[in-house]
Number of protein chains: 2
Amino acid sequence: MNVLIVDDEKYIVKGLKHSLEQNGYNVFAAYSGAEAIEYLENNIIHFIILDLMLPDTDGMMLCKKIRQKFDIPILMLSAKDGDYDKILGFEFGADDYMTKPFNTLELIARIKAIIRRIDRKFDDKLIVKDDLVINLNERKVYLRGEEVNLTVKEFDVLYLLASNPGRVFTREEIYNMVWKEDAYDVRTIDVHIKNIRDKIEDKKHPKYIMTKWGVGYYFNKN
Amino acid sequence: MNVLIVDDEKYIVKGLKHSLEQNGYNVFAAYSGAEAIEYLENNIIHFIILDLMLPDTDGMMLCKKIRQKFDIPILMLSAKDGDYDKILGFEFGADDYMTKPFNTLELIARIKAIIRRIDRKFDDKLIVKDDLVINLNERKVYLRGEEVNLTVKEFDVLYLLASNPGRVFTREEIYNMVWKEDAYDVRTIDVHIKNIRDKIEDKKHPKYIMTKWGVGYYFNKN
DNA sequence: TTTTTATTGAATATATAGTTAAAAGGGAAT
DNA sequence: ATTCCCTTTTAACTATATATTCAATAAAAA
């Protein structure tokens, strides 16, 4: 994760750089607006910390300019605490705005929050267990990289069990949670379990879906 | 754009509601944690403003709970100004944090900034997949360089799917997102899908829009 | 060994998707 | 306001995938 700090006050850059590096970010610095633009054009940057007070450019205009050319989140830093300045900052396309002096931990928390928000959209919700990958968004299951074709009910049952490894579910519970109604004939579950096993287990040696004799089924934890 | 305010102080809710409505938001209110969760389960909400001081629940835990179940941005409100509280808020999944008393215009600017950031990520201007090019700005689709004439709904549906390849959308989700209202008869999606396929797919061998039996449709990832 | 519970395979029933055509809706030009 | 044209929705029908049931068999506990 590459962060570009745009600020002409070297001691601030130095301090921030240190803190961010502690948190696993790669930090780069630009000391003027022109330098910033040039840097962005030639490097991959994921996040920008932009101080409004720069020697050559108005920070707000620079923010707007960056916004037009690049789709990179920007956190503005400013000595001005006025509400109007903040609102202006957002108008010009900032993703967040902090006033100096600031708490570095809060800064980092805010950077994380913004990045997390973006990533969440792309983040597939995955359950991984040995050779088995369950992808909730795709509603697909992969066994050793190969897609396994599960039906809706099969997927739902597997997902229920797998998202609570070790927890034993009675057939009634499974029926309730997957079918969202009371069970009429609970043997149906057995058949679904069998079909899932046919698709993901090595015959005769189930290692994902286990039977708890007399109780129900559970997903293997170990 | 539907905003849910979670706060038990009615005068704050009233004031906020007014300001937000002035800015074109539809505002709903929940006065406790339980109410909030119930509301979220039964309604479509795009943004949450969460006050940390609630009668029945710890605001932080509520935030975490919401975060686990729903992918909706959360702005935290608190009377506490301490850096530690802020950082904690972000740890618990908040997207932003403001201390009371706050400037309403700043609040709105921050909401906008968050939503803008999300929307921008959603909007990849150009999607290319094999022989298919989808251009959002022109709202045109090209197949092997030839322009394909899609209707408005057809384009919107295709674009929704294509901008999230692999992700399976139920008919309800598609209807919600494209029509921006609740679905009455969801089979209309089928017809649109068929018409899109007629225009972009080789007969009998769809390779762009795939059916997830029992769930919905998705755009092919591979 | 007996009893209880789980697994399995096949038949039957149900649910869901695909297709078609016709009706309804909406916007632009007259 | 009316007509025309194109889009969208609805409804009916067909095709197909999936779910359930049932009875026989296997496996585990007592």
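Proteins get letters first, then strands, A, B, ... in listed order; numbering begins at 1 in each. Please read all numbers here as calculations on a predicted model, not as lab measurements.
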Closest-nucleotide 5' rank along DNA chain D - winner of E154(A) and K153(B):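 Looking at DNA chain D, the more 5' nearest nucleotide goes with K153(B).
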
Is [X] near enough to [N] that one of its side-chain N or O atoms lies under 4.0 angstrom from OP1 or OP2?
{"X": "T151(A)", "N": "dA17(D)", "value": "no"}
{"X": "W179(A)", "N": "dA19(D)", "value": "no"}
{"X": "Y217(B)", "N": "dT16(C)", "value": "no"}

[N] [atom2] sits how many Å from [X] [atom1], rounded?
{"X": "R171(A)", "N": "dA6(C)", "atom1": "CZ", "atom2": "P", "value": "4 Å"}
{"X": "R197(A)", "N": "dG9(C)", "atom1": "CZ", "atom2": "C1'", "value": "16 Å"}
{"X": "K180(A)", "N": "dA19(D)", "atom1": "NZ", "atom2": "P", "value": "15 Å"}
{"X": "K212(B)", "N": "dA17(D)", "atom1": "NZ", "atom2": "C1'", "value": "13 Å"}
{"X": "I174(B)", "N": "dT8(D)", "atom1": "CD1", "atom2": "P", "value": "15 Å"}
{"X": "N149(B)", "N": "dT7(D)", "atom1": "CG", "atom2": "P", "value": "7 Å"}
{"X": "D198(A)", "N": "dT18(D)", "atom1": "CG", "atom2": "P", "value": "15 Å"}
{"X": "E172(B)", "N": "dA17(C)", "atom1": "CD", "atom2": "C1'", "value": "14 Å"}

Geometric cation-pi criterion, R171(A) with F169(A): 6.0 Å, 45°: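 No, R171(A) does not sit over the ring of F169(A).
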
K10(B) charged N/C atom sitting above Y31(B) aromatic ring, 6.0 Å / 45°: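 Yes; both conditions hold, so K10(B) lies above the ring face of Y31(B).
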
Short side-chain to backbone donor-acceptor contact, N135(B) and N137(B), under 3.5 Å: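 Indeed, once roles are kept as given, a pair shorter than 3.5 Å links the two residues.
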
Carboxylate-amine/guanidinium contact D202(B) R197(B), below 4.0 Å: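 R197(B) and D202(B): not salt-bridged.
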
SB check D51(B) K100(B) (cutoff 4.0 Å):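 K100(B) and D51(B): salt-bridged.
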
Out of [options], which has the shortest distance to the side chain of [X]?
{"X": "T211(A)", "options": "dA6(C), dT20(D), dA19(D)", "result": "dA6(C)"}
{"X": "Y175(A)", "options": "dT9(D), dT8(D), dT20(D)", "result": "dT20(D)"}
{"X": "W213(B)", "options": "dT8(D), dT20(D), dT18(D)", "result": "dT18(D)"}

Side-chain donor-acceptor pair present, R110(B), Y97(A), cut-off under 3.5 Å: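 Y97(A) and R110(B) do not have a side-chain donor-acceptor pair below 3.5 Å.
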
Residues in contact with DNA chain C, drawn from residues 181-196 of chain A - heavy-atom cutoff 4.0 Å: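 Per residue number, the list reads R187(A), D190(A), V191(A), K194(A).
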
Sugar-phosphate, base or nothing in reach of F155(B), heavy atoms under 4.0 Å: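 Result for F155(B) = nothing.
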
Ring pair (Phe, Tyr, Trp, His ring centres under 6.0 Å): pairs with one or both residues in residues 170-202 of chain A, sequence neighbours excluded: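 Non-adjacent pairs meeting ring pair (Phe, Tyr, Trp, His ring centres under 6.0 Å): Y175(A)-W179(A), W179(A)-H192(A).
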
